[in-house]
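Data block below; observations after.
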Amino acid sequence: MDKLVNPPTNRHDTVLPLPLEVRADAWAVDAACSGNPGPMEYQAIDLQTGARVFHYGPVHGTNNIGEFLAIVHALALCWNQGLHDKTIYSDSYNAILWVSKRKCKTKLEHTPATEPLFQVIARAEQWLQTHNYRNPIVKWETQKWGEVPADFGRK
């Protein structure tokens, strides 16, 4: 999603062809995993500009872990930048639930190969337990709106 598209004619707050019900002052996050578990990465896209906000990976993990970490990464970056009202969109119901419970409920086996990822998960959980973020986290409605703009396009 590195190339920008022409602004849609029905919106003047974004360069992306977003549905009217999607806020442009928002970030969309998504993860991709080759195999499950396998090489996993995640990213966030700014819905006003289409620019990549951050990217992490690949590391050995699962898609659900990536979706969870992407939301927490977005929340922490918003917190650090004072963007407390920015909406975060994710297409992962599980990740949104895990973030709301402040716990990554993965079944991934804790091994020497996954230890670095489990350290990142512990850091994310610790951040969630010590910060009262107020950013709305909204489920991206893929069936209505198409793929989330942060999608890696590998399906």
| Do Tyr42 and His73 meet the criterion of a side-chain donor-acceptor pair at a distance under 3.5 Å? | yes

| request: Supply the atom-to-atom distance Glu41 CD to Ser34 OG, rounded to the nearest 0.5 angstrom. | output: 7.5 Å

| said: If you apply the rule side-chain contact (heavy atoms from CB on, under 4.5 Å), what do you find for Leu128 with Val72, and how did you get there? | reply: CA-CA 7 Å; Leu128 288 170; Val72 179; 3.7 Å; yes

| note | Tightest non-hydrogen contact, residues Pro39 and Pro58, listed as CB-CB, 4.2 Å

| query | For Arg23 and Lys86, what are the C-alpha separation, side-chain angles and deciding distance, and is it a side-chain contact (heavy atoms from CB on, under 4.5 Å)? | reply | CA-CA 9 Å; Arg23 287 184 51 142; Lys86 187 169 291 288; over 6 Å; no

| note | Rounding to 0.5 Å, atoms CH2 (Trp98) and NZ (Lys105) come to a distance of 9.5 Å

| request: Starting from the C-alpha separation in whole Å, work towards a yes-or-no answer on side-chain contact (heavy atoms from CB on, under 4.5 Å) for Asp91 and Asp30. | output: CA-CA 7 Å; Asp91 64 5; Asp30 200 24; 3.3 Å; yes

| Backbone N or O of Ala150 within a donor-acceptor pair of the Gln43 side chain at under 3.5 Å? | yes

| Would you call Glu125-Lys103 a salt bridge at under 4.0 Å N-O? | yes

| task | Would you indicate whether the side-chain heavy atoms of Glu67 and Ser90 approach each other to under 4.5 Å? | result | yes

| said: I'd like to know if Asp85 pairs up with Arg134 as an ion pair, taking the criterion as any Lys NZ or Arg NE/NH1/NH2 lying under 4.0 Å from an Asp or Glu carboxylate oxygen. | reply: yes

| task | Report yes if some heavy atom in the side chain of Asn64 is under 4.5 Å from a heavy atom in the side chain of Ser92; otherwise report no. | result | yes

| query | Just by distance, do the side chain of Thr14 and the backbone of Ala24 share a donor-acceptor pair under 3.5 Å? | reply | no

| Which distance, rounded to the nearest 0.5 Å, do you find between the OG1 of Thr111 and the CZ of Phe118? | 8.0 Å

| side-chain contact (heavy atoms from CB on, under 4.5 Å) assessment of Val99 paired with Leu75 | CA-CA 10 Å; Val99 168; Leu75 290 171; 4.0 Å; yes

| said: To check you understand the geometry: which heavy-atom pair defines the closest contact between Pro112 and Pro116, and what is its length? | reply: O-CD, 3.7 Å

| query | Of the non-hydrogen atoms in Ile88 and Cys78, which two are nearest, and what is the gap between them? | reply | CD1-SG, 4.0 Å

| query | For the hydrophobic clusters of this structure (ILVMFWY residues joined by side-chain heavy atoms under 4.5 Å, transitively), does one cluster hold both Val22 and Leu16? | reply | yes

| query | Can you tell me how far CE of Met40 sits from CD1 of Ile65, rounded to the nearest 0.5 angstrom? | reply | 6.0 Å

| Between CG on residue Asn135 and CD1 on residue Ile137, distance to nearest 0.5 Å | 7.5 Å

| query | Would Leu83 end up clustered with Ile45 when hydrophobic side chains under 4.5 Å apart are linked, directly or stepwise? | reply | no

| Are Ile121 and Ile71 linked, directly or through other ILVMFWY residues, by side chains that come within less than 4.5 angstrom of each other? | yes

| task | I would like to know whether Glu21 and Trp145 meet side-chain hydrogen bond (donor to acceptor under 3.5 Å, both in side chains); could you show each step before the answer? | result | CA-CA 9 Å; Glu21 62 262 50; Trp145 304 335; 2.9 Å; yes

| message | Between Gln129 and Arg102, is there a side-chain donor-acceptor contact under 3.5 Å, judged purely by atom types and distance? | response | no

| remark: Of all heavy-atom pairs linking Pro37 and His60, the shortest is CB-NE2, 3.8 Å

| message | With rounding to the nearest 0.5 angstrom, report the CZ to CG distance, Arg123 to Leu69. | response | 10.0 Å

| query | Given side chains that start at C-beta, do those of Pro149 and Leu18 come closer than 4.5 Å, heavy atoms only? | reply | yes

| Quick one: do Phe68 and Phe152 end up in the same hydrophobic cluster if we chain Ile, Leu, Val, Met, Phe, Trp and Tyr together by side-chain heavy atoms under 4.5 Å apart? | no

| query | Do the non-hydrogen side-chain atoms of Ile96 and Lys139 ever get within less than 4.5 Å of each other? | reply | yes

| query | For Glu147 and Trp140, does a side-chain donor sit closer than 3.5 Å to a side-chain acceptor? | reply | no

| task | Answer yes if Tyr89 and Tyr56 sit in the same cluster of Ile, Leu, Val, Met, Phe, Trp and Tyr residues linked by side chain heavy atoms under 4.5 Å apart, and no otherwise. | result | no

